[in-house]
> 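Have a look at the structure that comes next, please.
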Amino acid sequence: QLQFVESGGGLGQPGGSLRLSCVSSPPLSLDYYSVGWFRRAPGQGHEGVSCMRGTDGTTYYEDSVKGRFTISRDNAKGTVYLQINSLKPEDTAVYYCAATRRVTDAQDMCHASGFLWGQGTQVTVSS
């Protein structure tokens, strides 16, 4: 299974922005992989928030992040990005990447499980 190294998290203020990145480890092309960003808030399980289909770039966003989160990718670099705007305190969580070829729908990707998680990157939103 693919594993990722996530970065870019930190402390953000409500209304602010962060850009998260994750790179596959070891680096490899993400051609035809569905990819996704998941988050895990304290005491909760992993929640898929932004996912992208591998074949045509179709995206899916969980309702609470629509209009604020944007997922993008650089297949050749094995990298996936998450632009987070209009930060909210409820965005506080550890954020993780995942990728697979066994799921071919973006929404299904955000509801999939069984991934090998990296260390994630902490996002804390507080004034």
Side-chain angles (χ1 to χ4, degrees):
Q1 293 192 41
L2 288 182
Q3 194 168 18
F4 289 85
V5 177
E6 297 90 355
S7 63
L11 176 63
Q13 292 190 339
S17 297
L18 287 172
R19 181 175 170 85
L20 309 183
S21 301
C22 66
V23 59
S24 58
S25 178
L28 56 84
S29 172
L30 295 178
D31 286 345
Y32 303 109
Y33 278 87
S34 292
V35 298
W37 280 94
F38 295 72
R39 67 187 180 187
R40 186 173 184 179
Q44 299 186 21
H46 289 87
E47 173 192 34
V49 293
S50 303
C51 295
M52 180 181 285
R53 182 174 174 176
T55 53
D56 62 4
T58 300
T59 56
Y60 168 84
Y61 296 94
E62 193 268 331
D63 285 346
S64 68
V65 309
K66 281 180 181 177
R68 301 188 300 116
F69 287 22
T70 303
I71 186 172
S72 60
R73 61 198 290 171
D74 186 328
N75 286 346
K77 294 182 178 179
T79 303
V80 187
Y81 305 96
L82 186 67
Q83 178 68 39
I84 305 176
N85 297 327
S86 303
L87 282 164
K88 298 180 178 182
E90 50 264 43
D91 295 327
T92 296
V94 181
Y95 285 70
Y96 303 86
C97 268
T100 182
R101 285 181 173 176
R102 59 180 168 88
V103 178
T104 58
D105 177 79
Q107 183 172 0
D108 289 345
M109 179 66 189
C110 271
H111 294 95
S113 60
F115 298 114
L116 182 62
W117 302 112
Q119 64 181 17
T121 186
Q122 175 72 48
V123 171
T124 302
V125 183
S126 175
S127 56

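What's counted below: heavy atoms across the whole structure, side chains too, no hydrogens, waters or symmetry copies.
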> Give, for atom CD of Q44 and atom CZ of R39, the distance between the pair rounded to the nearest 0.5 Å.
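Taking CD in Q44 and CZ in R39, the distance rounds to 9.0 Å.
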> Got a second to check how far D74's CG is from S21's OG, nearest 0.5 Å?
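Between D74 CG and S21 OG, I get 10.5 Å after rounding to 0.5 Å.
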> Quick one: pull up CZ in R53 and OG1 in T104 and give me the separation to the nearest 0.5 Å.
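OG1 of T104 is found 6.0 Å from CZ of R53.
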> Please determine whether a side-chain nitrogen of the Lys or Arg among D91 and K88 lies less than 4.0 Å from a carboxylate oxygen of the Asp or Glu.
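Salt bridge between D91 and K88, a charged N being under 4.0 Å from a carboxylate O: no.
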> Over 60° means perpendicular and under 30° means parallel, so classify the ring planes of W117 and H46, tilted if in between.
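H46 vs W117 ring planes: parallel.
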> Begin from the C-alpha positions of W37 and F69 and carry the test ring-ring contact (aromatic ring centres under 6.0 Å, His included) through to its verdict.
CA-CA 10 Å; W37 280 94; F69 287 22; 9.5 Å; no
> List the atom of G120, the atom of E6, and the distance in Å for their closest heavy-atom pair.
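In this case the closest contact between G120 and E6 is N-OE1, 2.9 Å.
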> Same cluster or not: are L30 and I71 linked, directly or through other Ile, Leu, Val, Met, Phe, Trp or Tyr residues, by side-chain heavy atoms under 4.5 angstrom apart?
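They do share one cluster, since a chain of ILVMFWY contacts under 4.5 Å joins L30 to I71.
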> Of all the heavy-atom pairs spanning P14 and S127, show the shortest one and how long it is.
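It is CD-N, 3.8 Å.
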> Between Y96 and F115, is a ring-ring contact (aromatic ring centres under 6.0 Å, His included) present by the stated rule, with each step listed?
CA-CA 10 Å; Y96 303 86; F115 298 114; over 10 Å; no
> Would a single hydrophobic cluster contain both Y81 and V23, if residues Ile, Leu, Val, Met, Phe, Trp and Tyr are joined by side-chain heavy-atom contacts under 4.5 Å?
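Looking at the clustering, Y81 is in a separate group from V23.
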> Identify the heavy atoms of S17 and Q83 that sit nearest to each other, and give their distance.
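Reported closest heavy-atom pair: CB-NE2, 3.9 Å.
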> Can you name the closest pair of heavy atoms from Q107 and D105 and give their distance?
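For Q107 versus D105, the nearest heavy atoms are N-OD2, 3.0 Å.
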> If Ile, Leu, Val, Met, Phe, Trp and Tyr residues are connected whenever their side-chain heavy atoms lie under 4.5 Å apart, and connections chain through other members, are L18 and V49 in the same group?
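Linked, L18 and V49 end up in one cluster.
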> Identify whether NZ of Lys or CZ of Arg in R73 sits under 6.0 Å from the centre of the six-membered ring of Y32 and within 45° of that ring's axis.
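So R73 doesn't make the cation-pi contact.
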> To the closest 0.5 Å, what do you measure between OG (S7) and CD (Q119)?
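Reported to 0.5 Å precision, the distance equals 9.5 Å.
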> Are S126 and L11 close enough, and set up right, to give a side chain to side chain contact (heavy atoms under 4.5 Å, CB included), and what steps lead you there?
CA-CA 7 Å; S126 175; L11 176 63; 4.2 Å; yes
> Determine, using the 4.5 Å side-chain heavy-atom cutoff (strictly less than), whether L20 and V65 are members of one ILVMFWY cluster.
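Yes; tracing contacts between hydrophobic side chains, which count when under 4.5 Å, links both residues.
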> Taking a hydrophobic cluster as the set of Ile, Leu, Val, Met, Phe, Trp and Tyr residues connected by side-chain heavy atoms closer than 4.5 Å, whether directly or through intermediates, do V80 and L28 fall within one such cluster?
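Yes.
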> Which value, rounded to the nearest 0.5 Å, describes the distance between L2 atom CG and Y33 atom OH?
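Answer rounded to 0.5 Å: 4.5 Å.
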> Find the distance between NZ (K77) and OG (S24) and round it off to the nearest 0.5 Å.
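Separation between the atoms: 12.5 Å.
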> Tell me the closest heavy-atom pair linking A98 and F4, and the distance in Å.
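Reported closest heavy-atom pair: C-CE1, 3.8 Å.
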> Any side-chain heavy atom of T70 sitting closer than 4.5 Å to one from N85?
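They are not in contact (no side-chain heavy atoms under 4.5 Å apart), so the answer is no.
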> I need the minimum non-hydrogen distance between T92 and V125, along with the two atoms involved.
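It is OG1-N, 2.9 Å.
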> Quick one: does S25's side chain have a donor or acceptor within less than 3.5 Å of a partner on V5's backbone?
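Not confirmed, S25 side chain does not pair with V5 backbone.
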